[in-house]
Amino acid sequence: MGAEIAQQYPADHISVTPTLWMVSAPLTAKELSDKLHITESAHGPVLVVGVAGYYGRAPNTVWEWL
């Protein structure tokens, strides 16, 4: 999954953990899922969520990216 995200969104993603990525894209969650070939694939459980706001604790690199 990470390789596909990095290929399609090289400057618009951040890896928060080895299995958690954030992608900035002007798409709906479904459109992003389709574009990353998640919808029709067997990647296993993958959750794509649209975010309108954020709050919490994270490494400085995450806040800088946001």
Side-chain angles (χ1 to χ4, degrees):
M1 195 76 264
E4 182 76 16
I5 291 169
Q7 178 185 13
Q8 293 204 39
Y9 296 95
D12 295 317
H13 80 282
I14 186 171
S15 176
V16 180
T17 70
T19 59
L20 175 63
W21 300 274
M22 297 177 77
V23 176
S24 176
L27 305 170
T28 67
K30 172 70 165 77
E31 291 168 339
L32 183 59
S33 179
D34 291 345
K35 185 168 182 178
L36 293 173
H37 309 290
I38 295 166
T39 306
E40 77 279 352
S41 76
H43 280 294
V46 178
L47 180 62
V48 180
V49 178
V51 177
Y54 53 86
Y55 183 83
R57 296 175 53 99
N60 287 342
T61 54
V62 173
W63 296 116
E64 291 167 4
W65 184 82
L66 288 170

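Only this structure's heavy atoms are used, side chains among them; waters, hydrogens and symmetry mates stay out. What you see is a predicted model; the values in this text were computed from it and never measured. This chain uses plain numbering: 1 for the first residue, then up along the sequence.
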Taking every non-hydrogen atom, the tightest pair across [X] and [Y]:
X   : Y   : answer
G50 : A29 : N-CB, 4.2 Å
T39 : K30 : CG2-NZ, 4.0 Å
Q7  : P10 : O-CD, 3.6 Å
I5  : V23 : CG2-CG2, 3.6 Å
H13 : W65 : O-NE1, 3.4 Å

Checking [X] side chain against [Y] main chain: does a donor-acceptor pair fall under 3.5 Å?
X   : Y   : result
E4  : H37 : no
S15 : P18 : no
W63 : A58 : yes

Honestly curious: do V51 and L66 fall in one hydrophobic cluster under the side-chain, below-4.5 Å linking rule?
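No, separate clusters.
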
Mind checking whether L20 and V46 sit in one hydrophobic cluster, side chains of I, L, V, M, F, W, Y counted as touching below 4.5 Å?
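No, L20 and V46 fall in different hydrophobic clusters.
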
Let me confirm one number: the CG-CD1 distance from L32 to I38, rounded to the nearest 0.5 Å.
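Reported value, rounded in 0.5 Å steps: 6.0 Å.
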
How long is the straight-line distance from OH of Y9 back to CE of M22, given to the nearest 0.5 Å?
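Going from the CE atom of M22 to the OH atom of Y9 covers 14.5 Å.
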
Are any non-hydrogen side-chain atoms of M1 and T19 less than 4.5 angstrom apart?
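Contact flag for M1/T19 side chains = no.
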
I14 vs W21 side-chain heavy atoms within contact, under 4.5 Å
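Side-chain contact under 4.5 Å: no.
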
